Structure formats: structure tokens, C-alpha cells
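Naming: A, B, ... by sequence-line order, numbering from 1 per chain. The structure presented is a predicted model; accordingly, all values stated were derived computationally and were not measured.
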Amino acid sequence: MATDNPYLAHLNPKKGGKSSASPTPGNNPLYGFLPRRVTGEQARKALESDVNPFTMQPHTPQYKKILEARKKLPVYSQMDEFFKIFSENQIIVMVGETGSGKTTQIPQFVCYSDLPHTKGKMVACTQPRRVAAMSVAKRVADEMDVQLGKQVGYSIRFEDMTEPGTTFLKYMTDGMLLREAMNDPELTRYSTIILDEAHERTLATDILMGLLKTLAKRRTDLKLIVMSATLDALKFQKYFSLKHGEVAPLFKVPGRTHPVEVFYTQEPEPDYVEAAIRTVLMIHRAEEPGDILLFLTGEEEIEDACRKIKIEADDLMNQDPDSVGPLVCIPLYSSLPPQQQQRIFDPPPPPRTPDGPPGRKVVISTNIAETSLTIDGIVYVVDPGFSKQKVYNPRIRVESLLVSPISKASAQQRAGRAGRTRPGKCFRLYTERDFMKELEEQTHPEILRSNLANTVLELVKLGIKDLVRFDYVDAPAPETLMRALELLNFLAALDDDGNLTALGGIMAEFPLDPQLAKMLIVSPEFKCSNEILTIVAMLSVPNVWVRPPSQRKEADAAKQMLTVPDGDHLTLLNVYNQYVANGQDKNWCWQSYLSARALQQADNVRAQLQRNMEKFDIDLVSIQDSNKLYTAIRMALVCGFFMQVAHKEGEKGNYLTVKDNQVVALHPSCGLDNQPEWVIFHEFVLTTRPYIRTVTEVRPEWLLEFAPQYFDLSTFPDGETKRALQRVLNKKQGKAAGRVDGTNSDKRMTKKQKR
DNA sequence: GAGCACTGC
């Protein structure tokens, strides 16, 4: 009998419940529900009830109204099927196209069957992006007629909108769940975990899939749903098969979108930007009213196309005012201030004269409009078939952005953007043959395109012993893993056997690249942890410098005022300190050509990192004397970034990176007033030529002193760099030999670096 | 004398 189930004790009137409206079989809509054996029919009845089963409060009129809208979602009509498949399986793969309602409805269905609130558990639903986690949680709280942050909540970096003991449905970013797994590898608080947007294959989702597959074997009480929008479900079904030769069950729901007619060019287009502009103008001249979405690859390209289209469209309108209406161009990319991003939701311009042809809006966007942002009213999509994609070269340890052809999946996603409100058209600026034969099926998952130093440290922290044999959905190149292990070993986060050191354990707790974490953790030894904390925060946010094309001189002059000639890292410190000294004032930022948004973010990151430091008793200290302070900071930088050092070669401004021997130049944004012989750099960027960016002068003695393993000269390739270091070493050894007590100046670091 | 696809902790 249901009432004998201890999980349902609180639903049993004889044993008494916590609710104020003491539940009876008559008024508790969940009375008689057996966890994970609930049927669609039972759930529908409960949904229609006048009482909210999770709060025992009467439903508001709003609830009924929203419920009627929910009933129209495709996923709603397959409720019986879902409850059956959920009852019968531990792992389910679900495919739901756009508009199916999967993200909002499936987690609620799960709650009605899993009844997490009766066993002190939670249902988690992960999202790749913060905004999605927040906005979906808000929507679902409304649908369930509860207050956001109570029964339904969300958890993202910087904001935990949940109430322990009350929240049983939690939306969260995939990265956040990964963090939680580091402290609780069994993820005991969850009864069901739903991975949404799995087809996007973010680094965090990929790692979670591997962890959860293994965890599901240990925790047979844990249910797992992997939700994806495209038809690559078979890959996930195979990956998550529990029995040899079988695949995980598939639950499929159709979408609700309008048809999109796709057009191809007859011949390949040699200049896709020019072709795109031409196509937009053709649509404007010849097609029915309806807004246009054009995909380009980056800020510069977008701003350029905006200007050109504007000029041409104005010409067209002036030549033929009776048949061509006004056109507005709206750029869209992530570094645009939110206020300007909002412009994409503006209505199209009105006709120039009351009876004239209607106006049209064209949004020119990066990939941000492919997944993150949805613009209603788009009827025409222009897809040149390119995007900037991250690529990682493990040989030289460099991540860079490359304009590359998109995948078929991506092209389909783009086309779909034309059919959200009514039937649309998609103009692909490549041939049908190229689409069929040349484009990859799927975009390569992020795990194959990234530096994995961070990920490897996380995996080791998660207790994964054999990284090469970890059950990846797609295994990264062994060389990428080796590079990550090598870096972590040099940083003393891993010992020579690949085991996590105490230092590595603390590094993993910081939401930072390992180099930054290392530098922050050792900084108290140099008495400059306050300053390193600031520098690390500044390096973790987008570029703070604003340089409008029309005011380059003014912006450069303003930057000069804040520049510290010893190094760009010190300049970043100075910028933050001035920002605080000026009361974090937006006007001051504006006048100084600084991004108030980025500085605000740096402040936020700094506060979070400071809380982490306090947790591990890492002291926050400063040296008063500013000369000594600056030297100390530069020493601490070396402890994290000794693998990113360059040595000047000749007088032409060329540098060679240490060990890799890449020829690089100081980036023009660099504020150093001379060209020091030895520099440490934060980034290697490959644009018109190889540059190093965010650069600070260091002394070669520090390299030998603070990173002796890496600067073991017997491992160095022959060359001027090695000879220069050898000279420094000889000088140093000469001095040491003359010393009576033989004190080793390396002592304070060697202690740290071993374990 | 140049740039910053997009996320996430």
C-alpha cells in the first residue's frame, strides 16, 4: 500500500504532515503516488488540482492560465509516454526540437514522478549559459505557482538562488554542477540529473557525461536524462548504453516551428562579405516584408558591413522611393554593451511616408544569435557559412581563433532562426554540393579544441586516475593531455606520478587557469597577495580598454596616463586601484576610456577569489614601499607564468619564446617603454603576425630561482636564450660557491614546489 | 601599430 512507503510518510494523514493544511487523501493531489511509478494520467490529475501539491496552497488563477498554454506544447501530449519511459529506465536520451517545450516541462514531469521533495533530494537541470538557467527557472517557478528561489531555484556563479531543504528543482550551469562534483563526487543530493543542450558539447557537459555515466553504475538510484536538440542522439544512445549491444532508450518529441525554404548559390562566392551585402540588398528590394538576420564572424566585419549596407540601402531608397522602404542595420556581438544589444528587439522602422513601402530591420550578428539569443520576427536568414572557432595547437600550446566553415548542424540551426514566427527563407552563400560534401556533420566538441590544463586538474581532483582511459564521448588528442599534465607537473600541482599534490588540491578549488591559481596561492610569500589578487581578477575579465575608432588618439592618451612602464600587469593593477580610488564611478571610467562593465566584473571576481583565499587561510598582505612591491609582484608572476617567457633577439624588436623558439613581437598595445631583454607574457595571439600581449619585464635570475625544474638548462635547445641563461647561472654559481654557509636562496620556493 | 567567436567556474 502506498501509505506504507516511508518516503510518503508526510502524505499520510495518520502519521501527520508538516503542512499547515493537514493533508488527507482527499486534498493532497499526490496522495497514492509511488515514486518513479507515477503515470501520465495521475500527473495530469494532479496538475488540474486546485491545490498546489508542493506547497499545499490553493492554486492562483494565473496557474490555470499558464497550464492551458503548457497543454499546447508538443511535449505535453506525450506525457504518458514520458512517464512510462522514465519509470522503466535509469538513463534516457531525449531529442526535442526547438519549441517542443522540453527545457521547461521535462524537469517538472520528473518532479511529479521522482517526488524529490519527499526524500530530501533534488532534480537538477543543467544549461550551458547563465541567462538560460536564470530565465528558465523563473518561467518554471511561475508555471509551478511557487516563488523563485523556494521550491524552484537556480544556481550560477555569483548567485545561488536556492533554499536548502526547500528547493527540489534546480536549474544550474553545467560548470556549476561540475564544481559541485569536485566536493561531492557522488552528487548525493540529486535523485535525477538532466543535462540539457547536450548537443552543444561544451567542455563542462562533456566531462559531466563521462562522470555521470560512471556514477550511474555506482548509484543505481540516480536517474539521468540527456537532452539534445539535434538528431545526433544515436551517438549519445550508444555512449550511454547500459548493456553491451543495446543502446539507451530514446524519447523523441517533435518541434513546433515553421517551414524554412533553403536557397544555395550556383557557384562558390569568392568574397563572402561582399556576397552577403549583395544578398541582404536583394532581399530588401525584392522580398516581402520581414526582418533579416545575417551571420558574420566578428566585430570588425559586422561594423564594416553595417556601414556599407546602410549606404547602399539609402541609395536604393532615394532612387526608388515608391518601392524600396527604409532599412536599419543593427550590429550584434557579445562585447557590445547590453543596452545596445537590446536594439535587436526594436521594431523595424516605419515607412518614410504614410503610404510608402514598409521598413525593414537587418540584424548582423556573430554566432551569438545562433544559440544564445533569439530574435523574434526574423523571416530571412543570410548564412555565408563561416564562424570564428577556437582551435588549439598542443605543440606550441596556443589557442587561437580561426575563421572556419561551419558544420551542417550549425547551418541548420541558423536556417531555423528564420522560421520562429512564420514560414521563412534561408539564403546560403555556398553551393548545395559544398553543403552536402564539404561541411562536417557536427561542430567539433570543445574538448577537442581546447587547452585542457584546467580540465585535467579538475579531473584529477575528481579522483580520475587514468586520464587517457577516461570514458570520454570524444577523447582529446593524447598530446593535448600530455601538455596539460606537463604544465601541471611544472606548476607542482601534480607530482611525477600524476598524483594531486596539496598545492594542486587548493589550485583546483579556484575558478582560474592553473597558472593564475598558482601565482595567487604563492603570492603571500612575496608579501603582495592583495595586488596579485587584483591582477588575477583583471586578467580574468574581458579587455578593460575602450578604443572607439573615431577617438583613438584620445583613448591612447588616456591609457598612457594609467600606464606603468615596468609592465602591463602592473598597469592593470594601477587601473583597478584608480577605479576604486575614484569611487568605481562610471563617469570616471568613461572619461578614462575604460569599460565600466569589465571593471565591475573584475571587482566581482576579485571578491569571489578573496572568499576562496579566506577559506584556505591564504593571507592578504602588501608591502608598503612601492618599488619593493612592484619587484615582489613581478617575482610572483614568474611563479605562475615561467613557461610563458620570451627573450629579446637582436635590436629589431623580435623576441623568441623560451623553449618553443617561436618568433614573436610585443603587441602594439603593450605599455613597456623600452624593450627589456626578458619578459613574461600572459597571452600569445596569432593575428597578422605572432604577438605576445600583456607583458612585464622580469629578471633571468628569478626564472632560475623560482622555476628550477623548468629552467634546467640540460633540457634546453641550443641557442642564444640558453647561452644567456647559462651566463646568469655561471654568475650565480660563482657567487654561491664563494658563500661560506652555502645557504640556498631557492629554499622558500623549493619547499612549496615539492608537494 | 593592432583587435575581441561564444560560454563557464
- [ ] Answer yes if the ring centres of A/Phe681 and A/Phe641 are under 6.0 angstrom apart, and no otherwise.
- [x] no
Open item on the list: Which is more 5' along DNA chain B, the nucleotide nearest A/Tyr691 or the one nearest A/Gln608? Just name the residue.
Closed with: A/Tyr691
Open item on the list: Any carboxylate oxygen within less than 4.0 angstrom of a Lys/Arg side-chain nitrogen, looking at A/Asp556 and A/Arg552?
Closed with: no
Open item on the list: Please identify the 5'-most and 3'-most nucleotides of DNA chain B with any atom under 4.0 angstrom from a heavy atom of chain A.
Closed with: B/dG1 to B/dC9
TODO: Report which part of the nucleic acid A/Leu401 touches: base, sugar-phosphate, or nothing (heavy-atom distance under 4.0 Å, all strands).
DONE: base
- [ ] With sequence neighbours excluded, give me every salt bridge (charged side-chain N to carboxylate O under 4.0 Å, His left out) pair touching residues 444-456 of chain A.
- [x] A/Lys390-A/Glu446
TODO: Indicate, with a heavy-atom threshold strictly under 4.0 Å, whether A/Thr366 touches base, sugar-phosphate, or nothing.
DONE: sugar-phosphate
Task: For A/Glu649, all residues meeting salt bridge (Lys or Arg N to Asp or Glu O under 4.0 Å), sequence neighbours excluded - done: none
Open item on the list: Categorize A/Arg201 for me: base, sugar-phosphate, or nothing, with a 4.0 angstrom heavy-atom threshold over every strand shown.
Closed with: nothing
Task: A/Glu677 with A/Lys648: basic N within carboxylate O range, under 4.0 Å - done: no
TODO: Indicate yes or no: does A/Glu441 engage A/Lys235 in a salt bridge with an N to O separation below 4.0 Å.
DONE: no
Open item on the list: At 4.0 Å (heavy atoms only), tell me whether A/Ser387 reaches a base, stays on the sugar-phosphate, or touches nothing.
Closed with: nothing
Task: Selection: residues 169-182 of chain A, any non-hydrogen atom under 4.0 Å of DNA chain B - done: A/Thr173, A/Gly175, A/Met176, A/Arg179
- [ ] Step through the shown structure and confirm whether more than 12 heavy atoms of other residues, nucleotides or ligands are within 6.0 Å of CD on A/Glu300.
- [x] no
Open item on the list: Given the ring of A/Phe435, does A/Arg428 sit roughly above its face, with NZ or CZ under 6.0 Å from the centre of the six-membered ring and within 45° of the axis?
Closed with: yes
TODO: Answer yes when A/Glu180 and A/Lys170 have at least one side-chain N-carboxylate O distance shorter than 4.0 Å, and no when they do not.
DONE: yes
Open item on the list: Within the 4.0 Å heavy-atom criterion, would you say A/Arg547 contacts the bases, only the backbone, or no part of the nucleic acid?
Closed with: base
Task: Pairs meeting criterion salt bridge (charged side-chain N to carboxylate O under 4.0 Å, His left out) with involvement of residues 593-615 of chain A, two or more places apart - done: A/Glu509-A/Lys615
Open item on the list: Closer than 4.0 angstrom, basic N to acidic O: yes or no for A/Arg201 and A/Asp474?
Closed with: yes
Open item on the list: Just to be sure I understand the rule, does A/Gln389 reach a base, reach only the sugar-phosphate, or reach nothing, if contact means heavy atoms closer than 4.0 Å?
Closed with: nothing
Open item on the list: What contact category does A/Ile156 fall into here, base, sugar-phosphate, or nothing, at under 4.0 angstrom with non-hydrogen atoms?
Closed with: sugar-phosphate
TODO: Would you kindly compare A/Asn543 and A/Phe510 by the position of their nearest DNA chain B nucleotide and give the one closer to the 5′ end?
DONE: A/Asn543
TODO: Using a 3.5 Å limit on both pairing distances, list the dot-bracket string of DNA chain B from the 5' end; Watson-Crick and G-U wobble pairs count, crossing pairs take [ ], interstrand pairs take |.
DONE: .........
